[in-house]
Amino acid sequence: MKTINKYYKQLDPVIKTLPNKPGIYQYYDKDGKIIYIGKAKSLKKRVSSYFNKDKASSGKLRLLVSKIASITHIVVDTELDALLLENNLVKKYQPRYNVQLKDDKTFPWICVKNEPFSRIFSTRNIIRDGSQYYGPYASVKMMNTLLDLIRQLYPLRTCKHKLTEENIQKKKFKVCLEYHLGNCKGSCEGLQSAEDYNNTINEIKEIIKGNINSVISQLKGLMKQSADELEFEKAQTVKERLELLERYQSKSTVVNPKIENTDVFSIITDEESGYVNFIKVVNGAIVQSHTVELKKKLEETPLELLTIAILDLRERFESNASEVILPFSLDAVLPGVNFTIPKIGDKKHLLELSERNCKYYKLEKEKQLELVDPDRHANRIMAQMKKDLRMSEEPRHIECFDNSNIQGDYPVAAMVCFKNGKPDKKEYRLFNIKTVEGPNDFASMEEVIYRRYKRLLDEKKDLPHLIVVDGGKGQLSSSLKSLEKLDLRGKITIIGIAKKLEEIYYPGDSLPLYIDKKSETLKVIQQLRDEAHRFGITHHRKRREKGTVKSILTEIDGIGYTNAQKLLWKFKSVKKIKKASIEDIQKAVGKVKGKIVFDFFHVDS
């Protein structure tokens, strides 16, 4: 491993003198540019591991190590401090080999303006003038729904006048149309006190934070008080506000309201990226949801990617939740935060909802990319199949074989062809077994494989990259005999798939390969197997029907399979044909053929 880094002689003393303390390390290239920043419980062990053969097994990691020209480090007190420092430095320097959250959106906020008689509005620009900002909102629709609710509940000013006490007393402003429409209480003319307006703003802040229950409780108290004081009009206004709030709450509550201030994170990954969904829950209602993509740089694990995302998203959405729901435990510890890995109940349902959001986001990304690059999906599947099936080339052309027979009668075989992971039906082929008697799947497979590839060789046509045989070791061994006769063994990858446990068998290997049940590789192989089975069964059924018809009706001179089938479709059985009148038979197959059939069954009558 040391030989791939030409700077190792000058790096070795630095690595050996690193402390066994937590901290962060920075790798620089020959031009003095930071190319990677990492954290560690022990700086010495972590940095040394990069120059270990077993550690640097991947191509990406070897490339990184080959470019390290110098190393610096910063010692901190705890692993958490290292984690936070790493997060900040990665954002500042954006090193080439560090994972970055792929997200170029500027999200909107709800602003409560720092001014007399505060205005409330949405903005994408944060101005540090003492105003309060709530968000950011990943869903503009959710934010606008909330602002619409606030406008329905509370009359607020929308004008940009400087409503200082001095200006109001000097009567500098006049009420506008909003006042006459009932959307504002006329604070510009002193018709609403600052105290009353500020009470309204405080209620709005609680609603924005998601503390709807506390506002509902206050409004119920105010409604009762107004009714007791015989202020029925005011009580009715408060009642209408309550109904609006309760309707909004009923739409947004998705879990137990006892789940008060909680963050939910989930992750799914593929070869290139990780997708992390974040859901914020306040009093049982989802108030935030956002999904990000993290491009892998050095084959990072789901644990590493999720840790990076949690720090970034909690900071971005200014979350101070005391509970975080996760699919698995983290190495990191956040002060004052309790990590929960639910197995059942409402919290488990929340985690599943978050995971579905990840899957939908990934699916949408793939669909968008397919529109731009239609071959991308096929290329990805082919690359995955090559890796999973340990092939030397991508299986762009696959052929799959299946035998169909019932107690040895009318044995047939079907071959289906997939090109670039999709069926190519014009290349499907059917085989009537010629040399095998009785139910012998092994011998039938040997015959069909030989006939198929003998013909391709004779016609000088392209051979497949992969042959899939429906069956276990027996069918695979029989297929290999035919490939050996044709001198094709080792030139085409061939596998057998056993139905019971979806086991993949290779020539010469007694132990099967088990592919992840959710993998696209297994799905393609299963689709091949099922399509071959469907195609073969359909052909076998036709042969069986034809054989049954042939044995009875086609013995009549002048009556072929087609007319015999017409008669069976109409009369359902030979017995009913015998009893039918000549007129009815002629309606089915014509006058001449009908008379022949009628005479055949009534010759001795």
Side-chain angles (χ1 to χ4, degrees), residues 1-101 267 269 273-274 276 294-315 326 328-337 339:
M1 181 63 214
K2 297 177 184 179
T3 58
I4 73 166
N5 186 298
K6 59 183 178 181
Y7 308 105
Y8 188 77
K9 286 186 178 179
Q10 65 193 55
L11 293 176
D12 190 41
V14 177
I15 296 168
K16 287 180 177 178
T17 55
L18 285 170
N20 283 312
K21 298 284 186 182
I24 64 103
Y25 52 92
Q26 299 173 114
Y27 293 155
Y28 297 80
D29 63 13
K30 60 183 178 61
D31 299 319
K33 185 177 180 180
I34 297 177
I35 55 175
Y36 186 76
I37 298 172
K39 68 180 185 308
K41 288 182 183 178
S42 166
L43 285 166
K44 187 170 187 176
K45 288 180 181 177
R46 181 64 172 165
V47 174
S48 297
S49 70
Y50 282 89
F51 298 87
N52 177 287
K53 289 183 180 179
D54 295 330
K55 171 66 182 174
S57 57
S58 75
K60 289 180 181 179
L61 199 54
R62 287 198 298 271
L63 182 62
L64 166 65
V65 173
S66 70
K67 293 186 176 183
I68 300 172
S70 61
I71 303 171
T72 64
H73 69 277
I74 301 173
V75 176
V76 295
D77 292 329
T78 66
E79 188 186 359
L80 174 62
D81 292 335
L83 185 63
L84 296 173
L85 181 57
E86 177 200 33
N87 188 49
N88 291 332
L89 291 176
V90 167
K91 286 179 183 176
K92 180 178 179 180
Y93 295 107
Q94 298 185 354
R96 178 180 178 182
Y97 291 97
N98 277 96
V99 170
Q100 303 287 336
L101 268 70
I267 182 170
T269 61
S273 301
V276 176
L294 297 92
K295 286 287 185 183
K296 293 181 180 179
K297 297 295 182 71
L298 299 173
E299 299 182 1
E300 290 82 1
T301 65
L303 174 63
E304 292 170 325
L305 295 174
L306 187 60
T307 303
I308 292 167
I310 287 174
L311 286 173
D312 190 276
L313 290 169
R314 277 176 62 92
E315 180 184 343
L326 299 170
F328 47 76
S329 60
L330 298 183
D331 292 337
V333 177
L334 299 179
V337 176
F339 292 115

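Quick caveat: nothing in here was measured; it's all calculated off a predicted structure.
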Exercise for the section: First locate atom OG1 of Thr307, then atom CG of Asn87, and finally report the distance between them rounded to the nearest 0.5 Å. Expected result: 10.5 Å
Practice task
Name all pairs fulfilling the salt bridge (charged side-chain N to carboxylate O under 4.0 Å, His left out) condition that reach into residues 29-43, sequence neighbours left out, sorted by first residue then second.
Solution key: none
Fill in the blank from the handout: Heavy-atom nearest pair, Gln26 first then Ile34, reads OE1-CD1, 3.6 Å
Exercise for the section: First locate atom CD of Glu86, then atom CD1 of Ile37, and finally report the distance between them rounded to the nearest 0.5 Å. Expected result: 8.0 Å
Exercise for the section: Write down the atom of Gly23, the atom of Ala82, and the distance for their closest heavy-atom approach. Expected result: O-CB, 3.6 Å
Exercise for the section: Kindly compute the distance separating CD1 (Ile68) from CG (Leu11), expressed to the nearest 0.5 Å. Expected result: 7.0 Å
Exercise for the section: Only one of Ile308, Leu306, Ile310 passes side chain to side chain contact (heavy atoms under 4.5 Å, CB included) with Val276; say which it is. Expected result: Leu306
Problem - Those residues that, when tested against Val14, pass side-chain contact (heavy atoms from CB on, under 4.5 Å) (two or more places apart) - result: Ile71
Handout entry: Heavy-atom pair of closest approach, residues Val75 and Pro19
Key = CG2-CG, 3.7 Å
Handout entry: Closest non-hydrogen atom pair between Ser273 and Lys295, with its separation
Key = OG-CD, 3.3 Å
Exercise for the section: Mark yes when over 12 heavy atoms from residues, nucleotides or ligands other than Phe339 sit less than 6.0 Å from its CZ; otherwise mark no. Expected result: yes
Practice task
Kindly state whether the ring of Tyr27 and the ring of Tyr97 have centres lying under 6.0 angstrom apart.
Solution key: no
Exercise for the section: Over 60° means perpendicular and under 30° means parallel, so classify the ring planes of Tyr36 and Tyr25, tilted if in between. Expected result: tilted
Handout entry: Heavy-atom pair with the smallest gap, counting every atom of Thr17 and Pro13
Key = OG1-O, 2.8 Å
Exercise for the section: Show the numbers, then the answer: is there a side-chain contact (heavy atoms from CB on, under 4.5 Å) between Lys67 and Arg96? Expected result: CA-CA 12 Å; Lys67 293 186 176 183; Arg96 178 180 178 182; 3.3 Å; yes
Completion exercise
Taken to the nearest 0.5 Å, the spacing of Glu304 CD from Leu298 CG works out to 9.0 Å
Exercise for the section: Check step by step if side-chain contact (heavy atoms from CB on, under 4.5 Å) holds for Val76 and Ile24. Expected result: CA-CA 8 Å; Val76 295; Ile24 64 103; 5.9 Å; no
Handout entry: side-chain contact (heavy atoms from CB on, under 4.5 Å) evaluation trace for Tyr50 with Ile15
Key = CA-CA 10 Å; Tyr50 282 89; Ile15 296 168; over 6 Å; no
Handout entry: Gap separating the CD atom of Glu79 from the CG atom of Leu83, nearest 0.5 angstrom
Key = 7.0 Å
Handout entry: Distance, nearest 0.5 Å, that separates CG of Leu303 from OG1 of Thr269
Key = 12.0 Å
Handout entry: Over all atoms of both residues, closest heavy-atom pair of Val99 and Lys297
Key = N-CG, 4.0 Å
Exercise for the section: Give a yes or no on this: more than 12 heavy atoms of other residues, nucleotides or ligands lie within 6.0 Å of atom NZ of Lys21. Expected result: no
Practice task
Kindly indicate whether the side chain of Leu18, heavy atoms from C-beta on, has any atom under 4.5 Å from the side chain of Arg46.
Solution key: no
Exercise for the section: Applying side-chain contact (heavy atoms from CB on, under 4.5 Å), run through Glu300 and Leu294 and close with a yes or a no. Expected result: CA-CA 10 Å; Glu300 290 82 1; Leu294 297 92; over 6 Å; no
Handout entry: Which residues share a side-chain hydrogen bond (donor to acceptor under 3.5 Å, both in side chains) with Lys91, sequence neighbours left out
Key = Asp312, Glu315
